[in-house]
Amino acid sequence: MPTAIPGPLSLAALERLFSCHVRWVLAVAVPLFGVLWMSGCSNTIEYARYPEGLVYPVRTDPIVPTDAPPLPAESFYPPGPGRLDEEIAQFAKAGGVTLDPGKISAEDRKELQKALDALFGSPRVPQVGALAESDELVTQLTALKIRDEGDAPFKTLAQGSKVYRYHCVHCHGLTGDGRGPTGPWVVPHPRDYRSGLFKFISTKYEGAPKPRRDDLLRVLRNGIENTSMPSFALLDVPDPENKDSNRPTDLEAVVSYVMHLSIRGTVEIRILQALDSGTSLKDVNVHDIMTQVVGEWANSSFVIQSAGGKTTVADNVLAPAEGSYFDFKVSDYKNAKARDAAREQSIRHGFELFSDPSGAASCISCHKDYGRQVNFRYDKWGTMVRPMNLTTGVYRGGRRPIDLFWRIKEGIAPSGMAAASTLTNEKDVWDVVNFVHCLPYPAMLPDDVRNKVYLPPDEAGKAETAEK
Amino acid sequence: MQKLWAAFFGVVLGAIFLLCVVSPFVGWWMPQNVSSFGGDVDNLFYIILYITGGAFVLTEVLLVWFMWRYARKEGRKAVFVHGNHRLELFWTIATGAILIYIAFAQVNVWERIKYQGLMPQPDQIVTVTARQWEWRLRYPADVTKTDAEGRAWAEAPEVDDVRIQNELHTWKGAKVRIYLKTQDVIHSFGLPNLRLMQDALPGKTIPMWFSATEANTEWDAINFRCTEPDDPAQRWEIACKELCGGGHYRMRGRLYVHADQADFEHWLHDHGKAQDSHEPEKIPSAGGTPVASAGS
């Protein structure tokens with residue numbers, strides 16, 4: 001018989017611990033726990049709302065306000081996943097301007113929090129503006145589908161915030177800052193909506209262009225190939241329980257919510273910039289700034305015309321001039337031979353525009369070796385991007401000819417891709433589109449173009465002389 | 001007190017058994033089978049379920065009964081048993097025989113579904129590329145390609161391929177050949193309604209095939225979307241069956257089976273045309289009217 005160890009850890013104490021009562025509790029609790037655990041199994045997703053009392057925190061990370069991002073001093077590679085702050089710090093070192101919102105006084109911060117909360121609500125109850133706003137603002141917000149008609153105007157936003165919380169927040173962050181827990185670990189970094197800058201837009205508006213609603217929807221439906229942004233097209237399927245209601249799909253709702261986050265972030269940046277330049281918070285009219293930002297979104301998407309008491313809304317999409325392109329695939333094109341000849345000619349002209357470094361488009365000076373050479377530069381978020389390798393057949397902004405047209409015609413301003421403003425003739429833009437579209441498929445290129453793109457330089461020269 | 005444990009085990013194990021018995025009658029069982037070879041897979045499943053289920057009941061009844069019968073009793077001394085050679089010989093040979101039976105019983109089905117040499121010539125080919133966390137599918141504009149052509153095409157995309165995310169479309173009765181790839185980690189392409197599952201391995205292109213026996217959708221060209229079946233059980237899912245990262249739960253897709261080839265080709269053609277668009281089209285939206293009709 002071993003002697004019992006004195007103290008709380010003795011055998012006797014252990015025996016008491018697992019007394020009859022504990023066993024009974026265990027016997028009941030374990031199956032109960034199992035049943036409760038299984039009760040969560042369901043085919044349909046139940047989105048939960050954000051907790052009460054949660055607010056959008058005022059920004060603390062550096063703002064990158066520069067209009068002309070510097071080029072990296074020497075060949076520089078992004079520091080890699082998980083080091084977003086380091087990347088932005090490098091940006092400042094290379095001569096870029098950043099603004100530290102951490103510098104504002106605690107009092108101002110408190111006031112700013114209050115002012116922003118009053119206009120934009122909380123993650124649980126998001127809003128843009130108050131219930132009662134001027135007619136013009138309400139028209140704009142309704143047309144942007146940020147506001148619903150009727151007495152409860154922010155229902156769509158509330159629905160969107162639930163979807164966002166489930167699918168988006170872990171990368172794009174609570175305030176849309178791209179700094180969610182998984183955000184820093186993916187390259188390229190998730191989009192920071194707060195600057196109001198987006199890459200893949202299609203608007204005629206020339207002020208501070210924002211994406212049209214369709215642009216955001218397209219990205220959500222298709223995802224962005226070769227980045228960590230997947231497709232969310234299945235969220236666009238109508239809810240089987242709410243088939244006949246006017247409720248928007250989850251995808252539509254989350255687009256509205258992203259616009260809300262972006263507007264809030266831009267307003268915040270403009271206030272912080274005003275504070276940085278010495279204005280006191282009392283002199284800043286937060287509501288006016290919001291009206292201005294909403295106006296930019298509205299102008300990018302549509303033109304509101306009022307005539308004779310009637311308001312009409314016209315889409316502000318950038319459409320190609322009529323007859324500026326050939327559709328090479330239409331069957332009623334005169335004949336196959338003429339069609340192929342026209343296509344070859346277009347591709348060849350596009351190739352010349354693309355690859356002449358001193359020419360009108362001179363795409364090759366950034367897309368070095370058709371993008372096969374890595375050529376990093378800063379974008380307007382202070383992070384690094386490289387001109388796309390166009391021989392891989394990956395087009396992040398979409399692969400339709402019209403997508404390529406938008407990219408080439410208007411550029412991708414936030415990432416430093418210039419607009420092809422020197423291509424005054426739209427037919428030239430389409431020629432470049434046709435070349436870029438066929439570039440990844442050597443069989444689609446005319447022989448001489450293919451040799452120049454895909455053969456080593458000395459062999460390409462030989463092939464050319466042989467042809468002659 | 002010792003008998004309490006016997007009762008506890010008896011109740012919990014009995015509840016598990018009961019749950020399995022009632023599950024098929026309350027809709028907690030397998031999803032609808034729409035595969036040409038799904039019945040064979042289900043038969044194998046049931047054979048194995050009955051064998052393991054029988055063994056489960058037998059062993060658990062013995063366990064509970066022994067716990068109850070031989071619980072500690074004042075004044076009774078335990079007897080030391082060194083084992084029973086004959087009994088052990090019996091259950092080793094019996095389980096061995098069962099395993100050999102299963103091995104032979106399944107091989108025909110396995111060969112029909114997975115042997116590359118025995119896969120039928122495809123009516124339709126598709127490449128499926130998995131990545132964290134979505135399925136990217138590529139359909140050839142010209143549906144009719146032989147397997148040999150398909151294998152070459154799977155490695156060399158063409159300019160007019162139709163690219164779709166997360167939606168696998170086919171038609172009823174078509175013999176579909178899928179070329180499965182992955183861009184990053186190991187994923188698993190799972191189609192519960194087709195009783196089909198295949199791991200996607202980095203660097204490999206893995207062929208798989210199926211044929212769906214029922215349709216669940218129709219192409220609605222006016223709204224530019226496939227009709228959704230009212231019954232949620234008719235919404236057939238594609239699921240990733242390999243834990244592939246933080247977004248694994250979201251790696252879902254849908255299987256749309258059109259009634260006939262004409263409807264499928266109509267769908268494919270319309271998407272090919274949309275993908276070749278030179279005009280900014282209104283993306284058709286499920287959320288009701290486009291922006292232009294708003295305003296007061």
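What you are looking at is a predicted structure, and each value in this text was computed from that prediction instead of being measured. Per chain, numbering begins at 1; letters A, B, ... match sequence-line order. Below, each value reflects all heavy atoms present in this structure, side chains not excepted, and no hydrogens, waters or symmetry copies.
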Quick check: closest heavy atoms across B:Met251 and B:Arg131, and the distance to 0.1 Å? CE-O, 3.5 Å

State which residues pass salt bridge (Lys or Arg N to Asp or Glu O under 4.0 Å) with B:Glu242; sequence neighbours excluded, sorted by chain then number. none

Under 4.5 Å from a heavy atom of chain B, the part of A:Phe405 involved: neither

At a heavy-atom separation under 4.5 Å, does A:Gln140 approach chain B through its side chain, its backbone, both, or neither? neither

Measure B:Glu158 against the heavy atoms of chain A and call it side chain, backbone, both or neither at under 4.5 Å. backbone

Per-residue contact mode, A:Leu251 against chain B (heavy atom under 4.5 angstrom): neither

Proximity breakdown for A:Asn226 and chain B, heavy-atom pairs closer than 4.5 Å: both

Is A:Glu149 paired with A:Arg147 through a side-chain N to carboxylate O contact shorter than 4.0 Å? no

Find the one option among A:Met444, A:His170, A:Arg399, A:Met229 whose heavy-atom pairs under 4.5 Å with chain B are most numerous. A:Arg399

Does B:Arg151 have any salt bridge (Lys or Arg N to Asp or Glu O under 4.0 Å) partners at least two apart in sequence or in another chain, and if so, which? B:Asp147

State plainly whether the residues B:Glu134 and B:Arg136 are in salt-bridge range, i.e. N to O under 4.0 Å. yes

So, the part of B:Ala156 with a heavy atom under 4.5 Å from chain A: the answer is neither

